[in-house]
Amino acid sequence: MKSITVTAEHEYQVFVGRDIVSEVLNHIVGASRIAVIHPQSMQTLAGQLVQTFVDVETISIEIPDAENAKTASVMEFCWMALGKAGFTRNDIIVSLGGGATTDLAGFVAATWLRGVRIIHVPTTLLAMVDAAVGGKTGINTGEGKNLVGAIFSPVAVVCDMNFLDSQSHEDYVGGLAEVVKCGFIRDEGILNLIESDLAGAQGPNWEHTPEIIARAIQVKADVVGNDLRETLGTSTGREILNYGHTFGHAVERIENYTWRHGNAVSVGMMFVAHLAQLAGRLDPEVAERHRRILSGVGLPVTYNRGAFEQLHDAMRIDKKSRGSKLRFIVLEHVGKPTILEGPDSALLIAAYAKLGQADVHA
Ligand code: GLY
């Protein structure tokens, strides 16, 4: 088992391994009572998990699957369940599910009694390397995604890779986009490992999977430890975790949220690789390396489904663009992100044109 320390409001450990969830949870929970918040689709797994607790009273709170969980009414339902159970500050919430579950349950934990302890047990690759680590919690409203929430760190995160065996191939590969992102922004070792076996890297049973997951979490831990609340606004701030996300979020919006997040981030990283190259900041070979790795693990690297104006408008309303100017995280080298603010429309249009060309190498 590997463990990574995250320094936030308090220090906590992220554990990565196989067959670890019961042992780690029993060790941390001690004699507390726990409420397991899980989506409907995890009912059986949640039941099995609850049975492994020794001498611990458990409450099960079932929420809708995926993004349907991230609403004010589901929050209210969880508060009601905790209230009826007389859930106290000595008790612990355990979230079991993907990123939507950890986001919702984290916000429930942040708000109940002004903050109770939570342990995240992410069950998808995307949640292990991104959503469950770093303390971002929240829900969606009619006005947009993740507009309401809090930074609220868990007391531990348990990434049991057994859960990954039941993820679909497409969902697993979608999660790899965030792992590759961590490689490009900070840890070239991740890229070297993936390049050594692009086919093997596409599954959870590859010999290097625990290492690339732990290294991606380490990248996130380092970045979050330096700028938990994303206030720095510099090339060492939390904003660099949004590499590929400004364009990626626009794609998600244009596609009415039917695209996997990782697929949108993949074309988003390709877009900023073209942009950085056209802006004279990035060596063409590094842009080509994006294409080789992302397409090599089965992620999309081209996009031409919307008029550029649509994408541009969608990028402008992305909450991560600060003030009136569009901001992109771009690379100067592997491991050296920087901020490109207010690029010329001509440059954006040229990068978008390159993104649409399937037969042209980066
Ligand atoms: N998912 C980006 C962040 O946690 O900041």
Side-chain angles (χ1 to χ4, degrees), residues 4-9 12 14 66-67 70 95 97-107 109-110 118 120 122 124-140 144-154 157 159 171 174-187 190 213 215-253 257 259-269 272 315 318-322 327-331 337 339:
I4 299 116
T5 304
V6 185
T7 309
E9 306 97 318
Y12 59 94
V14 182
E67 288 292 301
K70 291 178 62 174
S95 72
T101 302
T102 60
D103 279 4
L104 179 278
F107 196 29
I118 182 162
H120 291 309
T124 65
L125 178 58
L126 186 61
M128 289 181 189
V129 298
D130 193 18
V133 180
K136 282 191 179 174
T137 72
I139 57 172
N140 306 324
K145 291 183 75 165
N146 297 321
L147 292 178
V148 179
I151 297 281
F152 188 76
S153 297
V157 181
C159 302
D171 285 340
L176 273 181
E178 295 284 355
V179 176
V180 172
K181 176 199 80 178
C182 291
F184 275 113
I185 62 170
R186 211 168 174 114
D187 181 1
I190 294 175
I213 292 178
R215 287 176 87 136
I217 294 170
Q218 185 68 60
V219 168
K220 181 139 194 192
D222 291 345
V223 174
V224 165
N226 188 44
D227 181 23
L228 178 65
R229 295 186 179 275
E230 205 168 329
T231 47
L232 273 185
T234 67
S235 57
T236 58
R238 186 166 183 160
E239 197 182 355
I240 64 171
L241 294 172
N242 289 332
Y243 186 58
H245 282 59
T246 303
F247 189 88
H249 285 149
V251 169
E252 288 183 296
R253 190 180 279 271
Y257 299 98
W259 269 47
R260 284 184 180 80
H261 177 68
N263 289 17
V265 169
S266 178
V267 292
M269 285 192 278
V272 283
M315 286 193 281
D318 183 73
K319 72 176 168 44
K320 276 151 190 146
S321 64
R322 293 166 194 236
R327 283 163 71 90
F328 294 91
I329 307 301
V330 294
L331 295 186
I339 294 162

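Start at 1 and go down the list; that is how both ligands and their atoms are numbered. These figures come from a predicted structure and were not determined experimentally.
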Chemist: Residues two or more places apart in sequence or in another chain: which of them pass side chain to side chain contact (heavy atoms under 4.5 Å, CB included) with Asn263?
Modeler: Trp259, Arg260, Leu299, Pro300

Chemist: Without hydrogens or angle criteria, can the side chains of Glu252 and His245 be said to hold a donor-acceptor pair below 3.5 Å?
Modeler: no

Chemist: Give the numbers and elements of all ligand 1 atoms closer than 4.0 Å to a heavy atom of Asp130.
Modeler: 1 (N), 2 (C), 4 (O)

Chemist: Please verify whether a non-hydrogen atom of His245 lies at under 4.0 Å from ligand 1.
Modeler: no

Chemist: Do we see a donor-acceptor contact under 3.5 Å between the side chains of Thr102 and His120?
Modeler: no

Chemist: Do any nitrogen or oxygen atoms of Glu230 lie less than 3.5 angstrom from nitrogen or oxygen atoms of ligand 1?
Modeler: no

Chemist: In chain order, what residues pass the side chain to side chain contact (heavy atoms under 4.5 Å, CB included) check against Asp187, with sequence neighbours excluded?
Modeler: Ile190, Arg215, Val219

